[in-house]
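What follows is one structure encoded as structure tokens, with my remarks underneath.
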Amino acid sequence: QVQLVESGGGLVQAGGSLRLSCAPSGRTFSSSAMGWFRQVPGKAREFVAAIRWSDSSTTYADSVKGRFTISSVNAKIVVSLQMNSLQPEDTAVYYCAARSRLAFLPDLRGAGAYDYWGQGTQVTVSS
């Protein structure tokens with residue numbers, strides 16, 4: 001069983017920063033890409049950012065572009081999401097996800113592209 005474990009969530013004031021991390025646990029597996037999504041109660045899960053390991057290419061939601069950065073921390077095993085200039089509208093549960101097979105970069109913006117998901121970590125931004 002592959003599990004993804006997120007960490008780094010918490011409470012921060014508007015304008016502040018947080019760094020989320022996601023690491024696999026359980027059996028080892030190789031992923032072709034990893035992504036971050038977020039969800040608030042009553043709304044659909046929303047794409048935030050993704051990274052494809054084959055060429056280290058990244059894609060971001062327009063709402064976070066220029067403020068968030070997705071990167072690999074440990075040779076494609078741990079993925080992080082550096083979040084700067086946080087705003088109250090960034091408040092959500094953040095989930096990391098992993099995909100096993102190769103994919104086109106645009107496809108990584110859809111939740112259905114991923115095979116494994118974490119349990120989520122809460123990020124709350126106060127105004």
Could you check S32, S72, S31 and say which one makes a side chain to side chain donor-acceptor pair (under 3.5 Å) with W53? S31

Starting at CZ of F68, measure out to CG of N84 and round the result to the nearest 0.5 Å. 8.5 Å

Ring centroids only, cut at 6.0 angstrom: are F37 and W117 within range, meaning strictly under it? yes

So, using side-chain hydrogen bond (donor to acceptor under 3.5 Å, both in side chains) as the criterion, who are the partners of Q122 when residues are at least two apart? T124

Heavy-atom closest pair, residues S21 and W36: O-CH2, 3.7 Å

Determine whether V123 and L20 make a side-chain contact, defined as any pair of heavy atoms from C-beta on separated by less than 4.5 Å. yes

Pairs touching residues 49-68 that satisfy salt bridge (Lys or Arg N to Asp or Glu O under 4.0 Å), sequence neighbours left out: R52-D55, D62-K65, R67-D90

Donor-acceptor contact present, side-chain Y114 to main-chain L108, <3.5 Å: yes

Can you measure from OG1 (T91) to CG (L11) and round to the nearest 0.5 angstrom? 8.5 Å

V48 vs Y60, side-chain contact (heavy atoms from CB on, under 4.5 Å): CA-CA, chis, key distance, verdict: CA-CA 6 Å; V48 175; Y60 296 90; 6.0 Å; no

So, for S25 and V5, which heavy atoms are closest and what is the spacing to 0.1 Å? OG-CG2, 3.8 Å

Nearest heavy-atom pair of L4 and A98: which atoms, and what distance? CD1-N, 3.7 Å

Taking everything shown except E89 itself, do over 12 heavy atoms lie less than 6.0 Å from its CD? yes

Identify the two heavy atoms, one from F47 and one from T59, that lie closest to each other, and give their separation to 0.1 Å. CZ-O, 3.5 Å

Can you list every salt bridge (Lys or Arg N to Asp or Glu O under 4.0 Å) pair that touches residues 99-108, not counting sequence neighbours? R101-D115

Both conditions, 6.0 Å and 45 degrees, for the charged tip of R38 above the ring of Y95: are they met here? no

Nearest heavy atoms of L18 and G8, plus distance in Å: CD2-O, 3.9 Å

Closest heavy-atom contact between S57 and L105? OG-CD1, 3.7 Å

Side chains of C22 and M34, heavy atoms from C-beta outward: is any pair under 4.5 Å? yes

Derivation and outcome, side-chain contact (heavy atoms from CB on, under 4.5 Å), residues S127 and Q87: CA-CA 7 Å; S127 57; Q87 299 301 316; over 6 Å; no

Tell me whether E6 contacts the main-chain N or O of G120 through its side chain, where contact means a donor paired with an acceptor under 3.5 Å. yes

